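Just so we're on the same page: letters track the sequence lines, and every chain starts at 1. The structure presented is a predicted model; accordingly, all values stated were derived computationally and were not measured. All values below were derived from every heavy atom in this structure, side-chain atoms included, with hydrogens, water molecules and symmetry-related copies excluded.
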Protein chains: 2
Amino acid sequence: MKAEMFIGASAVVGTNGHVSGVNPATGETLEPPFGGATLADADRAAALADAAFDAYRETAPEARAVFLETIADNILAIGDALIERAMAETGLPRARLEGERGRTMGQLRLFADIVRDGGYLGLRVDPAMPERQPLPRSDLRLRHIPLGPVVVFGASNFPLAFSVAGGDTASALAAGCPVIVKAHSAHPGTSALVGRAVRDAVAACGLPEGVFSMIFDSGRAAGQALVADPRVKAVGFTGSRGGGLALVAIAQARPEPIPVYAEMSSINPVILLPQALEERAEAIGKGFVASLTLGAGQFCTNPGLVIAVEGPALDRFVASTAEALGMVPAATMLTPGIHAAYARGAAATADNPAVEVAARGQGGGGCAGQAAFFTTSAAAFLKDRSLQEEMFGAASLLVRCADADELAAVVASLEGQLTAALHLADGDHDAVRALLPLLERKAGRILVNGFGTGVEVSHAMVHGGPFPSTSDARTTSVGGLAIQRFLRPVCYQDMPDALLPDALKAANPLGFDRLVNGKR
Amino acid sequence: MKAEMFIGASAVVGTNGHVSGVNPATGETLEPPFGGATLADADRAAALADAAFDAYRETAPEARAVFLETIADNILAIGDALIERAMAETGLPRARLEGERGRTMGQLRLFADIVRDGGYLGLRVDPAMPERQPLPRSDLRLRHIPLGPVVVFGASNFPLAFSVAGGDTASALAAGCPVIVKAHSAHPGTSALVGRAVRDAVAACGLPEGVFSMIFDSGRAAGQALVADPRVKAVGFTGSRGGGLALVAIAQARPEPIPVYAEMSSINPVILLPQALEERAEAIGKGFVASLTLGAGQFCTNPGLVIAVEGPALDRFVASTAEALGMVPAATMLTPGIHAAYARGAAATADNPAVEVAARGQGGGGCAGQAAFFTTSAAAFLKDRSLQEEMFGAASLLVRCADADELAAVVASLEGQLTAALHLADGDHDAVRALLPLLERKAGRILVNGFGTGVEVSHAMVHGGPFPSTSDARTTSVGGLAIQRFLRPVCYQDMPDALLPDALKAANPLGFDRLVNGKR
């Protein structure tokens with residue numbers, strides 16, 4: 001494979017250091033090394049993106065939709081080489097990566113449908129009222145336009161679905177924003193393959209080359225320079241809290257601050273209601289272990305916290321969890337760095353005098369993460385904020401509460417979360433009604449009798465939540481609504497029809513839904 | 001009149017210093033002095049707002065709409081005392097303030113309609129697909145919920161429409177957010193009258209008292225404490241760039257950063273196209289002077305910059321403007337401080353060696369602002385960024401360009417703006433087509449053959465724009481879309497119907513529009 005990055009149409013071998021993939025299962029450094037971008041490379045990518053913006057943002061809906069679909073087709077056309085490279089670079093199994101490829105393609109196609117539908121433009125028309133007293137009303141027409149070039153920092157844990165052509169890229173391109181991807185250093189070969197697929201789709205669709213670029217960064221300078229570049233108008237990021245907040249700080253310190261959509265940390269509380277525990281403690285425990293250990297626990301929505309009222313039913317849940325967890329083999333984690341951080345975090349929790357180790361998964365060597373299940377008291381949890389810190393991996397902490405009031409206090413003490421899960425039975429409805437207002441304040445998605453892992457890509461999904469789960473609670477990074485992050489409203493007043501964009505012309509040539517005087 | 005502020009239902013006389021209205025026409029200090037809030041007052045307002053939030057945000061649409069309409073009715077019921085107090089505190093004439101009262105009431109009623117319509121909730125339903133292969137799909141339902149308590153800093157220049165019960169307050173209340181107003185110190189008596197009207201509407205509608213509070217601040221501590229308060233979740237502000245950025249900095253430094261919607265500075269370029277100048281230079285000049293001097297130039301959308309290509313037609317525009325401006329009497333400005341800042345800014349521009357004074361309005365004493373019209377060359381304008389600084393008042397600068405390219409360069413050099421106006425004739429369409437992409441990047445509203453003053457309150461209005469015209473280009477502070485600033489999405493997955501909010505129940509008891517599988 002070629003060690004290329006893409007500055008617009010040009011395949012470039014970076015000259016500023018390099019990044020290499022590492023097979024986490026074997027420790028083997030993978031060939032080839034991928035040369036990193038210079039600041040001049042980053043500058044050129046930003047210049048091309050800026051130059052492409054005005055043409056790209058006015059592409060006809062069908063043309064833009066076909067472009068997104070072409071990316072999906074091109075990714076599939078890479079064939080097994082993509083799956084094998086991703087397996088080698090991430091340690092994730094074939095079935096997971098094939099599924100993730102399907103998800104990535106489905107995501108691009110969902111946004112193609114959204115572009116064709118036009119609803120995302122939020123079109124509004126308030127026609128002129130020349131006879132109105134005491135003053136006539138002007139003709140007012142509103143559409144949303146894209147913000148401008150977007151820089152995307154891919155995630156390590158979704159090398160396809162939240163990386164080079166993942167959710168941030170797909171939604172930004174759908175909105176009409178050129179995209180510059182800073183490829184994640186943990187899967188450079190996977191990134192190069194997908195980057196080429198996107199670059200080829202740009203060319204095949206006759207779009208300006210600056211619609212897409214992808215760079216490697218051997219340090220942090222090139223990526224940070226892009227966030228600071230005045231031609232860049234928004235940032236998408238999935239990763240750690242530290243990484244996300246560093247980008248937010250750069251974006252806010254610019255002469256013109258820009259939005260950063262950083263999806264950061266979340267421990268995704270799971271609340272077990274008494275009646276549900278009574279009826280099916282064992283089944284919940286089994287489901288919990290399956291969710292906790294999925295993908296070696298490397299999900300943003302991994303259930304890192306369980307909250308319940310003490311009693312024999314909760315003991316049955318713990319026993320069931322311990323039994324299931326004891327059978328779970330250690331699982332290879334994405335990178336040596338992630339494994340080391342997980343091992344440190346789990347060890348610190350285990351060493352906390354207020355914490356007991358309730359169960360462990362099977363051990364393993366190298367980058368294999370050992371699952372862990374801890375318990376603590378509500379009093380200890382409320383006292384020690386460090387127990388709320390995410391352990392990225394298959395570790396979770398049960399907080400034992402004395403009663404419903406203490407459970408509510410624990411929920412109230414939580415930081416913002418991507419998800420909150422409730423396990424409930426009919427007899428728990430009143431207790432849940434009391435908790436829901438609190439959960440709505442805390443989480444972007446509230447789910448019942450399930451776990452947050454498994455994020456459907458659809459119109460009604462929210463993968464977002466109050467700080468620090470994301471840097472902007474008003475948004476989602478997964479699902480159709482994600483496109484709204486990259487848009488802003490513009491109003492045209494008394495503009496001659498010939499000068500109006502098609503979406504707002506009197507004859508509505510695109511046939512899009514429009515709100516006329518506030519009515520559909 | 002009583003010197004009261006309102007901490008929830010309680011009328012309180014502040015004990016932390018005081019603020020007094022000053023009649024800018026006479027210099028007279030108006031009675032009574034209004035006591036300022038202590039930090040304890042601010043804390044109590046935040047506590048009440050937080051306590052009211054969960055109940056208020058789940059009010060039925062009709063109840064919330066009636067509440068907004070009751071505020072409008074109560075403001076009208078204050079009667080002439082409100083108009084007279086506002087005249088005394090602002091120097092604005094009766095007709096303007098009566099019009100502004102109507103606008104304020106219209107705004108509240110528009111949001112009542114929006115609340116009844118329910119479209120702002122952005123409801124989405126993706127029903128379960130239990131048979132889907134390879135994995136079933138969960139039932140997913142999305143609504144937008146309000147962010148939480150909002151602090152509003154009213155504007156000096158709209159003592160009714162963008163103050164205590166103005167656009168920020170109306171849209172936040174409509175969204176379901178309790179509001180705490182930091183009353184503008186320039187019109188405390190007007191604020192107290194309107195604050196009481198809102199307070200009484202809260203009580204009449206049987207809502208929790210914390211839905212509304214209003215404080216005076218003799219310094220900055222109470223207002224800043226509210227922005228920093230963890231129970232406050234968003235801020236609305238209209239005022240200076242310095243003031244807005246100070247609040248943004250506080251909001252971003254919080255452990256949980258929150259959005260600040262600051263509408264700050266804009267010079268609202270007016271671009272005169274050649275054919276339009278040829279056909280009607282004189283009429284454009286007259287219209288320009290009327291817009292420039294409206295309300296002593298104290299509008300966010302005041303036309304502070306004119307850009308055109310040199311030639312005899314532009315000279316005719318200048319002559320027409322000079323003639324009309326020479327007849328404009330000096331007009332009382334809102335406060336001595338605003339007048340002083342305006343006089344300083346206009347003098348600095350006049351003293352700039354690259355600037356010529358093309359015309360002045362009539363002089364006056366005290367707080368009366370003398371209108372001014374300056375000219376400079378494109379080369380000088382491009383070199384000296386200080387010429388882009390807003391002079392809040394009736395002053396404007398004409399930038400004479402050599403040709404269309406230089407005009408485009410001047411437009412490209414501009415910071416973000418609330419509005420951009422184009423004066424054009426049929427023969428100018430091609431030139432405008434070339435400029436529009438640039439203008440869309442720069443401004444939130446692009447208007448033709450008119451001026452930005454006069455901001456319609458309707459569904460398609462955008463009163464917003466790229467930084468520094470606002471702190472968040474993705475939003476508007478005027479018009480129906482303003483409600484979106486105070487909302488965030490929440491997804492409910494597999495939630496039993498009995499536990500779902502009414503807007504998302506299977507039977508759709510509220511009858512609201514919902515996007516089902518992405519289709520309306």
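Of the listed residues (B:Gly454, B:Pro257, B:Gly480), the one with the most heavy-atom contacts under 4.5 Å to chain A is B:Pro257. Per-residue heavy-atom pair counts under 4.5 Å with chain B were compared for A:Ala443, A:Gly119, A:Pro501, and the maximum is reached by A:Ala443. The candidate with the highest count of non-hydrogen atom pairs below 4.5 Å against chain A, out of B:Ile258, B:Asn449, B:Val448, is B:Val448. Across B:Gly416, B:Gly450, B:Pro466, the residue that shares the most heavy-atom pairs under 4.5 angstrom with chain A is B:Pro466. Heavy-atom pairs under 4.5 Å with chain A were tallied for B:Thr476, B:Asn517, B:Asp117; the largest tally goes to B:Asn517. Most heavy-atom pairs under 4.5 Å with chain A, from the set B:Arg485, B:Met461, B:Arg520: that is B:Arg520. The candidate from A:Pro496, A:Gly464, A:Pro146, A:Gly465 with the greatest count of non-hydrogen atom pairs under 4.5 Å with chain B is A:Pro496. Contact count versus chain B (heavy atoms, under 4.5 Å) is highest, among A:Gly122, A:Gly444, A:Ala421, for A:Gly444. With chain B as partner, the option from A:Leu142, A:Leu110, A:Asp126 having the largest number of non-hydrogen pairs under 4.5 angstrom is A:Asp126. For the set A:Gly479, A:Pro468, A:Pro259, A:Gly148, the entry with the most heavy-atom pairs within less than 4.5 Å of chain B is A:Pro259.
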*Is there a side chain to side chain contact (heavy atoms under 4.5 Å, CB included) between A:Phe486 and B:Arg474 once you walk through the steps?*
CA-CA 9 Å; A:Phe486 301 113; B:Arg474 298 163 295 177; over 6 Å; no
*Please step through side chain to side chain contact (heavy atoms under 4.5 Å, CB included) for the pair B:Phe53 and A:Arg441, ending with a clear verdict.*
CA-CA 10 Å; B:Phe53 178 46; A:Arg441 291 188 187 210; 3.4 Å; yes
_salt bridge (charged side-chain N to carboxylate O under 4.0 Å, His left out) evaluation trace for B:Lys519 with A:Asp113_ = CA-CA 11 Å; B:Lys519 299 286 165 210; A:Asp113 291 344; over 6 Å; no
*I would like to know whether A:Ile446 and B:Met495 meet side chain to side chain contact (heavy atoms under 4.5 Å, CB included); could you show each step before the answer?*
CA-CA 8 Å; A:Ile446 302 169; B:Met495 182 76 69; 3.7 Å; yes
*Verdict with supporting geometry, A:Asp472 and B:Arg488, salt bridge (charged side-chain N to carboxylate O under 4.0 Å, His left out)*: CA-CA 9 Å; A:Asp472 191 336; B:Arg488 48 173 275 258; over 6 Å; no
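Residues A:Glu440 and B:Val490 come closest through the heavy atom pair O-CG2, 4.2 Å. Across all their heavy atoms, B:Pro255 and A:Phe467 have their closest contact at O-CE2, 3.0 Å. Summarising the geometry of B:Leu499 relative to A:His429, their closest heavy-atom pair is CD2-O, 3.7 Å, with the distance given to 0.1 Å. Shortest non-hydrogen contact noted between B:Pro489 and A:Ala473 is CD-O, 3.7 Å. The nearest pair of heavy atoms linking A:Cys491 to B:Ala460 is SG-O, 3.3 Å.
Using a 4.5 Å cut-off between heavy atoms, A:Glu256 touches chain B through backbone and side chain atoms alike. With a threshold of 4.5 angstrom between heavy atoms, B:Thr475 approaches chain A through N, CA, C or O but not through any side-chain atom. At a 4.5 Å heavy-atom cutoff, A:Thr419 makes no contact with chain B through either its backbone or its side chain. Only the backbone of B:Arg141 comes within contact range of chain A, with heavy atoms under 4.5 Å apart. For a residue to count as touching a neighbouring chain, one of its non-hydrogen atoms must lie under 4.5 Å from one of that chain's; by this rule A:Arg132 touches chain B with the side chain only. Looking at A:Asp513, only its side chain comes within 4.5 Å of chain B, counting heavy atoms on both sides. There is no contact between A:His463 and chain B, counting heavy-atom distances below 4.5 Å. Neither the backbone nor the side chain of B:Ile114 has a heavy atom closer than 4.5 Å to any heavy atom of chain A. Interface remark: B:Leu481 contributes backbone and side-chain atoms alike to the contact with chain A (heavy atom separation under 4.5 Å). With a 4.5 Å cut-off on non-hydrogen atoms, B:Glu58 touches chain A through its side chain but not through its backbone.
Between A:Ser458 and B:Arg124 there is no side-chain heavy-atom pair separated by less than 4.5 Å. No side-chain heavy atom of A:Ser138 sits under 4.5 Å from any side-chain heavy atom of B:Glu456.
The distance from the CG atom of A:Leu436 to the CG atom of B:Leu500 is 9.0 Å, given to the nearest 0.5 Å. Atom CG of B:Leu515 sits about 6.5 Å away from atom NE2 of A:His459, to the nearest 0.5 Å. Residue A:Leu447 holds its CG atom at 12.0 Å from CG of B:Asp139, rounded to the nearest 0.5 Å.
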